[in-house]
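Here is the structure we will look at, set down as structure tokens.
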Amino acid sequence: MTDDLLSRPPVHALLADGTTVCIRPAAPGDHDQLEGFYDGMSAENLRFRFFSISRRSGALAADRACAPARPGHLALVARTPEGMIGVAEYDTGGDGEDTAEVSVAVSDGMHHRGVGTLLVEHLVSAARAEGITGFTADALSDNREVLRLFADLGLRTERRLEGPETRCVIRLTEDDAYLSAVEARGRAADVASLLPLLRPEVVAVVGAGRRPGSVGRAILHHLRSGGFTGRLFAVNPGASSLLGVPCHPCVGDLPRTPDLAVLAVPAAAVPATAEECGKAGVRALLVVTSGLDANQARDLLSACRGHGMRLVGPNCLGVSNTEPELRLDATFAAGHPLPGSAGIAVQSGGIGIALLDGLSRLGIGVSSFASLGDKYDVSGNDMLQWWETDGRTDLALLHLESFGNPRGFSRTARRVTRRMPVLTVDAGRTDAGRRAAASHTAAAATRTMTRQALFTQAGITATRSVGELLEAAALLHSQPLPGGCRVAIVTNAGGAGVLAADACAEAGLALPAFTAETVDDLLAVLPDGAATGNPVDATAAVSEEQLDACVDRLMRCPGIDAVLVALVPTAVAEATGDDLVRALTRAPGHRPRPVVVVRLEQDRSVELLSAEGGTIPSYAEPQAAARALAHAARRTAWLARPAGTVPELPDVDTHRAHTIVEDHLRTSPDGGWLHPRTCADLLSCYGIPQLPWAWAETEDEAVLAADRLRGFDGRVVMKAHWPGLLHKTQQHAVHLDLRGDSQVRAAFRDLATRFEGLTTGVVLQPLAARGTELFAGVAQDEVFGPLVLFGLGGTATEILADHAARLAPLTDHDVHDLITAPRCAPLLFGADGGAPVDLDALEQLLLRLSRMAADLPQLAEADFNPVLAAPGQVTVLDARVRLLPRRPHDPYLRRLR
């Protein structure tokens with residue numbers, strides 16, 4: 001494991017003040033610099049580190065840190081362009097110990113900036129991967145800074161006073177408390193690093209040209225016409241000014257160092273320009289240029305990392321921040337966004353323009369906007385954390401085509417969605433063609449299902465189009481959340497009410513019948529001839545006052561969560577001067593439940609109708625209104641549910657599981673499907689229940705195995721096996737209902753004859769009892785991590801495709817959702833008249849499968865089909881596991897992309 005760590009490239013991460021540092025293992029070539037690092041320490045710093053002020057201690061520490069790699073030891077150094085600023089190391093002392101001594105040192109000028117904490121976090125991650133479970137550290141009792149560092153890590157720490165020293169024992173268990181502490185530090189550092197990008201005081205546009213229509217000139221014009229309140233410069237060697245903005249030949253000649261440089265230069269010039277910006281002290285780059293090749297891309301990112309610059313782009317529309325004291329619009333969109341409260345992050349510039357226009361038209365407006373383009377650095381995760389703390393954003397809109405760290409994104413989104421709605425367009429839903437594959441799990445686990453699992457678990461409102469996104473945003477911005485999914489429909493035209501009822505039912509909303517008291521209240525305020533079912537047909541004769549009173553009565557109805565009003569223009573209202581829409585916008589801010597309007601004659605798909613007390617969303621189609629209400633109801637349900645926890649599981653032997661995996665990959669370096677014996681051993685490490693089975697390679701062995709396995713009725717099942725065999729039934733490689741030795745012998749000879757040269761043996765099992773056949777599996781996604789799938793099993797599992805999925809590790813809520821989501825779920829609860837299956841055992845099976853997937857990054861696929869579920873029992877009848885050589889990856893470790 002130490003060799004693996006040393007072979008990894010350097011990692012860049014953020015300090016508390018947003019500074020970028022490089023963290024990497026110490027190497028022999030670092031010895032002189034590391035010794036110089038210690039030589040430069042003050043006497044007090046040396047005393048805290050070595051308990052003395054001997055300069056010889058620093059030389060010995062450099063010898064140890066830069067020595068050849070050995071198991072149980074790792075030294076990490078932190079560097080900035082100015083040099084080495086910190087070092088931390090652990091050492092078990094050899095002999096396979098699971099506890100290591102840890103030490104940390106930070107240069108005098110870099111204290112209180114999070115250097116030591118960041119280094120220790122990286123040590124913790126590396127130590128866990130090496131099987132180390134605890135750190136110990138000795139510190140002088142007056143070294144308050146290092147004692148505070150250990151205490152504030154978020155890990156369980158014990159202290160013991162031993163004379164002038166304090167002994168610290170730190171448990172490395174990764175729990176929610178530790179992840180939350182890491183998140184809090186990461187959020188503060190991330191927001192600090194984004195200040196030069198989103199709140200710059202000085203901006204320079206590099207590549208602003210004389211030619212009208214050039215991108216650089218358009219951005220310069222936007223910055224100037226948008227009223228940017230900071231200093232603005234242009235870089236163009238052929239002009240003294242452009243659009244009234246001072247021009248200079250190069251970045252180094254600018255009278256003030258820009259916080260943000262906008263690069264609109266040809267692709268070939270981007271890396272050198274970025275390097276020039278870095279040397280000049282620029283803190284952030286916005287690269288709108290497209291068409292960078294692989295080398296140019298690498299050099300651009302290298303310049304940003306080497307000089308500590310955050311980067312948006314390349315190939316992007318730009319960024320904006322509408323804060324009145326800033327008014328930054330560094331985009332080349334057609335117009336300036338309306339200031340408001342919605343944050344937008346997109347990869348597609350075209351989608352960005354559509355959202356900017358749509359939110360401005362609706363009057364919601366924009367707090368800040370980032371077109372991420374090719375997303376080399378700044379991501380949707382960064383923007384979520386910015387909006388969480390900016391004090392202006394109450395609605396987040398995302399359009400992301402890729403995810404750099406989905407599990408990190410998921411934790412951030414789960415936290416942010418508790419504070420504000422987060423909406424996205426679920427793009428690329430048809431990318432489900434890669435179902436050719438190797439197993440039921442691989443066939444079921446499409447990228448679409450994986451992405452939807454991420455959105456569901458994180459509480460993100462996922463829509464199917466930009467239009468639907470704006471429809472949902474209009475409701476979530478303007479109305480209170482509904483208490484549930486029960487809707488009352490009111491209309492002045494019966495046909496419109498029928499359309500609205502169909503739309504609500506199709507969206508999963510309920511139309512409850514009214515109580516007798518509500519019916520009486522409605523009849524008292526509506527015109528003669530009104531129908532008081534649900535929908536309420538108020539007739540064409542309804543007046544403005546009557547409609548207002550009707551909605552008011554429904555607001556007080558205890559069985560209603562939202563009101564949908566479907567209106568059509570009539571000559572009756574026109575003749576009386578009534579404005580039915582005005583009845584709904586008199587005091588929308590005082591209504592405790594959401595009200596939405598459908599106006600079939602409306603030109604735009606959604607509008608926000610302004611009123612003195614607030615706004616109300618109006619839709620051109622009842623389907624749009626119903627979809628928006630359904631999204632709001634799902635958000636209500638998600639917010640009402642406490643955050644889930646990953647349950648502790650007894651009888652799990654992770655160490656033995658790792659040994660099994662490592663042994664297999666040692667003999668099969670390319671990985672592959674496990675032998676039934678190895679597969680069973682691995683499942684037993686996690687307490688996954690399996691039907692008894694036996695392995696036989698000869699006819700006589702098969703007879704003896706059958707005698708041992710015969711159940712109460714004496715019948716057994718025989719399955720052929722060879723590496724790579726997946727669908728045994730389709731291959732006719734299974735014999736069922738075998739009775740007596742003669743049938744076992746005949747079955748063995750049949751399989752051996754038909755699959756001669758393939759089969760390596762047979763698996764025998766007792767014939768299983770009756771029950772519901774289910775499917776459970778894991779697919780390890782290269783980007784998203786392990787995905788747990790569950791649904792209807794048996795031979796028709798792929799044909800019926802009745803599956804649900806959640807990303808591991810599963811919480812208690814996730815596993816409940818996984819069981820109840822498939823269409824077959826009622827069968828598990830006894831809906832067919834039978835007794836319910838053992839739901840507790842089924843939950844345990846899925847949790848243990850999730851734990852196995854989370855523990856073992858080498859687990860490429862697990863395929864349990866069928867899983868037999870019955871009252872009092874859940875058993876895996878057939879299991880397959882495929883391993884691949886993969887390194888562990890810590891998705892929560894603080895690092896830049």
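Being a predicted model, the structure only gives us computed values, none of them experimental.
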**Request:** Please say whether more than 12 non-hydrogen atoms of neighbouring residues, nucleotides or ligands are located less than 6.0 Å from CZ in R419.
**Result:** no
**Asked** Quick check: are there more than 12 heavy atoms from other residues, nucleotides or ligands sitting under 6.0 Å from CZ of R641?
**Response** yes
Check: [X]/[Y] side-chain N/O donor and acceptor closer than 3.5 Å:
X: E468; Y: H631; answer: yes
X: R415; Y: S180; answer: no
X: R806; Y: T811; answer: no
X: S379; Y: D382; answer: yes

Determine the minimum heavy-atom distance between [X] and [Y], stating which atoms define it.
X: L384; Y: F409; value: CD1-CE1, 3.6 Å
X: L395; Y: L423; value: CD1-CD1, 3.6 Å
X: P857; Y: R886; value: O-CD, 3.3 Å
X: I819; Y: F790; value: CA-CE2, 3.8 Å
X: A342; Y: T393; value: C-CG2, 4.4 Å
X: V425; Y: R464; value: CG1-C, 4.2 Å

Distance, nearest 0.5 Å, that separates [atom1] of [X] from [atom2] of [Y]:
X: E388; Y: T412; atom1: CD; atom2: OG1; answer: 7.5 Å
X: R882; Y: E861; atom1: CZ; atom2: CD; answer: 4.0 Å
X: R414; Y: R418; atom1: CZ; atom2: CZ; answer: 9.5 Å
X: E662; Y: L883; atom1: CD; atom2: CG; answer: 11.0 Å
X: L792; Y: T772; atom1: CG; atom2: OG1; answer: 8.5 Å
X: L397; Y: M383; atom1: CG; atom2: CE; answer: 12.0 Å

Minimum side-chain heavy-atom gap [X]-[Y] below 4.5 Å:
X: L774; Y: L828; answer: yes
X: L400; Y: T424; answer: no
X: L469; Y: H399; answer: no
X: L475; Y: V596; answer: yes
X: L682; Y: L856; answer: yes
X: L807; Y: T450; answer: yes
X: N865; Y: D878; answer: no
X: L764; Y: W695; answer: no

Is a side-chain N or O of [X] found less than 3.5 angstrom from the main chain of [Y], in a donor-acceptor match?
X: R851; Y: T654; answer: no
X: R128; Y: L172; answer: yes
X: E843; Y: V815; answer: no
X: S125; Y: L893; answer: no
X: Q780; Y: L859; answer: yes
X: D812; Y: T645; answer: yes
X: Q347; Y: E401; answer: yes
X: D802; Y: P822; answer: no
X: T636; Y: P482; answer: yes
X: R635; Y: L481; answer: no

**Prompt:** Less than 6.0 Å separating the ring centroids of H721 and H675?
**Reply:** yes
**Request:** Check the pair M718 / V716 against side chain to side chain contact (heavy atoms under 4.5 Å, CB included), numbers first and verdict last.
**Result:** CA-CA 7 Å; M718 183 183 296; V716 296; over 6 Å; no
**Request:** Could you go through the side chain to side chain contact (heavy atoms under 4.5 Å, CB included) check for C685 and M852 one step at a time?
**Result:** CA-CA 9 Å; C685 294; M852 183 170 71; over 6 Å; no
**Prompt:** Does R848 pair with D855 as a salt bridge, N-O distance under 4.0 Å?
**Reply:** no
**Item:** Criterion side chain to side chain contact (heavy atoms under 4.5 Å, CB included) on W673 and V881, from CA distance to verdict
**Value:** CA-CA 6 Å; W673 294 96; V881 171; 5.6 Å; no
**Asked** Does the cation-pi check pass for R677 over W693, that is, NZ or CZ under 6.0 Å from the six-membered ring centre and within 45° of its axis?
**Response** no
**Message:** Between F864 and L849, does the side chain to side chain contact (heavy atoms under 4.5 Å, CB included) criterion hold? Intermediate values first, please.
**Reply:** CA-CA 10 Å; F864 298 174; L849 179 60; 3.8 Å; yes
